[in-house]
Amino acid sequence: MSKQLDTTFDPAAIEAKWYSHWEESGAFRPERPDAEPFTIVNPPPNVTGSLHIGHALDNTLQDIVIRYERLKGKDALWVVGTDHAGIATQMVVERQLEERQDKRTNYSREEFVQKVWEWKEESGGTITRQLRRLGCSMDWSREQFTMDEHFTKAVLKVFVDLYNDGLLYRDKRLVNWDPKLKTAISDLEVEQQTIAGSFWHFKYPLADGVTLDDGRDYIEVATTRPETMLADMAVAVHPDDERYKSVVGKHVILPITGRRIPIVADEHADPELGSGAVKITPGHDFNDFEVGKRAGIAPADMLNMLDGDANVCQTADGKVPEEFIGLHRFRRDGVDGARELVVQRLKEQGFLIPHVQKNKKGEEVELDAEPRQIATPFGDRGGVVIEPWLTDQWYVNAGELAKKPIAAVKSGEIEIVPKSWEKTFFNWMENIQPWCVSRQLWWGHRIPAWYGDNGECYVAMSEEEAQAQAGEGVALTQDSDVLDTWFSSALWPFATLGWPNPPQTGEVAADASASDDRGDSPQELDGAEAPLHRPADGPPPRSGEDLFSKHYPNNLLISGFDILFFWDARMMMAGYYNTGQAPWPRLYLHGLVRAADGAKMSKSKGNVVDPLGLIDQYGADALRFFMAAMESQGRDIKMDEKRVEGYRNFATKLWNATRFCQSNGIGASSTIKAPEARLAANQWIIGEVQQTVEALDAAMADLRFDAAANTIYQFTWSRFCDWYLELIKPVFADGASEIAASETRAVAGWALDQILVMLHPFMPFITEELWHALGTRNYDLILAKWPDPRASVSRDATDAIDWVIDLTTNVRSAKNELGIAPGAKLAAFLPEASDLAASTIERSSAAIERLARLTPVTIGEAPAGPAMQVTAGGDVFVIPLEGVIDIDAERARLSKALEASQKEANSLEGRLSNPNFVERAKPEAVEKAREDHAHHSGEVERLTAALARLG
RNA sequence: GGGCGUAUAGCUCAGUGGUAGAGCACUGUGUUGACAUCGCAGGGGUCGGGAGUUCAACUCUCUCUACGCCCA
């Protein structure tokens, strides 16, 4: 039953209604057991997060794809869920405790984790509600969480498998330690920032009376981190450095600690840099760690001088003076730390070499240190300087796991779109380092490793299995760490589909054979055109369904490029390792959404645009369309609210066009195939629909979201609304042919339906509303069938309409330039009519009168007197203008056109007279040049004559 | 230091080996009861600079400049 549409379109009034209708009816994953599968997994947002503009982009693109594939009849599955987000979530809960002057360590591990679960229950629905507001058609009935029981089981299995295959191991080496969060983090979670710092130069006195060749009794070293000298274990010089050759193998006595350390030769020391000698602190610097190992120092013997908070602690040799113990590594909150005290003591003892520089007046001044810009590592979550720290952690042999993904991208088995990211991908994957996967947190997947009294390690799925390995009576303690969140999310493409459980053999979709009672309703004249599918009676679950077999590998992954390494690459590694297959054949990477001025959005800058605010203001459809239209491959999107507004206007335009149709008896169409049409305008619009579907399909196949959006936008507004609706208005005038009106109602209703289907992936809410407003439907638009016009339209008909459009545009333009009232109806004469002109004037006089406002149109000579000339295709109309004519204005108009044609003709003439062009250019190009030349020459002739006639 | 990307109309951006398009903004105008969240018409660009390849370059190659991002 069609219903009268309100005169204004109010997005808020329809969005909630349709979303809950879709979700409740199971439309997001209709029962299609025999259909080709199409699968996307959603990048799981942090469970306690909320929707930001980047999510809006990412999810809009995915929803467009999934709705498109669903309309094309596929068994489209969009897997959704949330990520437990170890560090982020634990931080949120800890912050809440802090607000109450409470802290995590006041609780047992179990109590704290319980609090996190409570918070997850409380806030976990926020982002999923927001995704619904955006219109995302995910399969909520199977919503996943990375700490669900089945998912956790998969995580443990992968850990155990990797361990048993020797690809995951425990190792003592330097890690990136975040002293604020007190956990290790991976290389990817470290961000290098350049900050202002200092470069100090010190004297390290040589031991045993040794001197350098130049007589000095010390070696000069320089450092940006003086505090680490408390754990120095060597001084390195380049093996070829003549200045130091004589002292290699000798020793220095460290000031402050009095530690006796060797001078070693190592190529790490750069003779060009500073003095050429560098202090070596293997326990607190990644480069020094390697130097230390080369110098024969075992990691276990490397001195450590910092605790987990990065406060100074006693080294194993007990040489750190008491006054340093407990100091923070450097000045913090206005309190000096070990760095400042080391500098002070060295200066007092005469070991500081001052930095001399000139001040503004040109006078030499002495500073303790040289000011410098220093690349400094920061933790991406905690925001404090990372401390390289020697600990035992679990590592994944990423280099081994990266091999298959690299080969897959090289061979094209996995396509990265846009391709320009491939190089970045290879660059990282080919230089990948062992991945530190253990985290010293409480919230997350606990590492399935148990230790015996003597440190023996047992890795197993459960404590029982570990106990079985260890044997009776061995007391076991479980590793207290949890896994990196990305270790689990790497399994998302398959663990969400039931992996590793073998498919259940139970009855599959018992009602699959339920009667097929569609297609026989009066609406479905074309029986074969029934919708392929319909929603299940209720949402799944469908026990026994083997999702993994059917939906893995997935078909596509869409993500921001910012998580290419964090997530996408690791899914590839996990996919190949665990399933032997790529997780998906295609990876689409989109950019960032930036603020209007191009700056990165950030809370601290206060330039964050809230997508929910935009939805409130313009509607979800407008925001979605904006995202699609702006998404060209490989470029960031700048926020442009005016443009969102423009797409809200587009929605209003469609709304009003539909109201017009309603008021003329145009309603829901009954066929998917284009209706039979005789009238030129109707044939023309059918042809236009056909072209639009083809262009849209091509754009979607290439994932050109901008091209797809623009295609349907232009068709709807510039073709359907601007021309077609105007062309058919005369058909509904009083006294017009009922046969013509009837045909036009059928075609217009059909064309409008095709618009709704094609636009639906981009603007799901308004299209569904209009779909139902136009008449009774057997199924919702979300489950309709993609256009398939299967029509052939006559060239004569489309030429006729193109001719009318050309005529109309030219008449309007001429009137405008001559200052003639746009509404004025004028008589026109066509001295020499082409066949096309003659038949079109015959068939479409009403349209010519209404649009071009020419009536009557006479084929024959015009009476003598002032007139203007207007062309349509090759036909030249003469329009007498006695009384209203402004001869000067018409002369100016013709002169301008003449000048343009003359210029074109000259240019083409030049090209055609160049033998090189005629001989060597493609024949089509030459032919086109000839045609254009003929046309412009003709115009020159015509316009010259017309000007002469004006006098 | 290495890698990648971008420079096209006032703004935000598409684009193709045969001398350029969209949306917004701007100017003029308002005729037909879908729509002023609109219609119609129009102005506006030596496609960052330079060189090369080509009959032909905004499009391909090199180079320079500016900006951005990633990695070290």
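Computed over heavy atoms, backbone and side chain alike; hydrogens, waters and symmetry mates excluded. Fair warning: this is a prediction, and the values are worked out from it, not measured in the lab. Chain letters run A, B, ... following the sequence lines, proteins first and then strands; every chain starts at 1.
- Separation of the P atoms belonging to U59(B) and A9(B) is 15 Å when rounded to the nearest angstrom.
- With respect to Glu387(A) and Arg225(A), a salt bridge is recorded, a charged nitrogen being found less than 4.0 Å from a carboxylate O.
- Look at the C1' atom in both U6(B) and C40(B): the space between them is 37 Å, to the nearest Å.
- Asp380(A) meets the side chain to side chain donor-acceptor pair (under 3.5 Å) test with no other residue; sequence neighbours excluded.
- Here Lys896(A) does not pair with Glu899(A) in a salt bridge; the nearest charged N to carboxylate O distance is not below 4.0 Å.
- Looking at Arg920(A), its side chain has no donor and acceptor atom pair within 3.5 Å of the base of U54(B).
- Taking atom NZ of Lys642(A) as the reference point, atom P of C26(B) lies 8 Å away to the nearest angstrom.
- Spacing between U54(B) and U8(B) at atom P, rounded to whole Å, works out to 29 Å.
- Test Leu654(A), Leu752(A), Val689(A) against Phe720(A) for side-chain contact (heavy atoms from CB on, under 4.5 Å) and you get one pass: Leu752(A).
- In this structure, Lys410(A) pairs ionically with Glu430(A), as a charged nitrogen and a carboxylate oxygen lie closer than 4.0 Å.
- Remark: the separation of the C1' atoms in C60(B) and U16(B) is 13 Å, to the nearest Å.
- Minimum atom distance to the side chain of Arg704(A) is reached by G15(B), of the listed U31(B), C38(B), G15(B).
- One finds a side-chain N or O of Ser813(A) lying less than 4.0 angstrom from the OP1 or OP2 phosphate oxygen of G42(B).
- If you take atom P in C47(B) and the same atom in A7(B), they sit 14 Å apart, rounded to whole Å.
- For Lys653(A) against C35(B), a side-chain-to-base donor-acceptor contact under 3.5 Å is present.
- Nucleotides G21(B) and G5(B) place their C1' atoms 23 Å apart, quoted to the nearest Å.
- Between the NZ atom of Lys815(A) and the P atom of U31(B) there is a distance of 12 Å, given to the nearest Å.
- In terms of phosphate contacts, Arg635(A) brings a side-chain nitrogen or oxygen within less than 4.0 Å of OP1 or OP2 of A7(B).
- Here Glu189(A) does not pair with Arg381(A) in a salt bridge; the nearest charged N to carboxylate O distance is not below 4.0 Å.
- The phosphate of A14(B) has OP1 or OP2 within less than 4.0 Å of a side-chain N or O from Ser632(A).
- Out of C55(B), C69(B), A41(B), the shortest distance to the side chain of Phe917(A) is found at C55(B).
- Distance noted for atom P between G23(B) and A51(B): 36 Å (whole Å).
- For G2(B) and C11(B), the C1' atoms lie 35 Å apart once the distance is rounded to whole Å.
- If you check A34(B), G18(B), C38(B) against the side chain of Lys729(A), the one that comes closest is A34(B).
- Rounded to an integer number of Å, the gap from CG of Asn649(A) to C1' of G39(B) is 14 Å.
- The shortest distance between the side-chain N/O atoms of Lys922(A) and the OP1/OP2 oxygens of G18(B) is not below 4.0 Å.
- Side-chain nitrogen and oxygen atoms of Trp717(A) include at least one within less than 4.0 Å of the OP1 or OP2 phosphate oxygen of G39(B).
- Ring centroids of Phe705(A) and Tyr588(A) are separated by less than 6.0 Å, placing the two rings close together.
- The strand RNA chain B forms stems, runs of 3 or more Watson-Crick or G-U wobble pairs with distances below 3.5 Å, at B:1-7 with B:65-71, B:10-13 with B:21-24, B:26-30 with B:38-42, B:48-52 with B:60-64.
- Distance Asp636(A) CG to A7(B) P: 13 Å, rounded to the nearest Å.
- Distances were taken from every side-chain heavy atom of Cys721(A) (C-beta onward) to each of A34(B), C38(B), C13(B); the shortest belongs to A34(B).
- For the 3.5 Å distance criterion, the side chains of His772(A) and Glu768(A) qualify, holding a donor opposite an acceptor.
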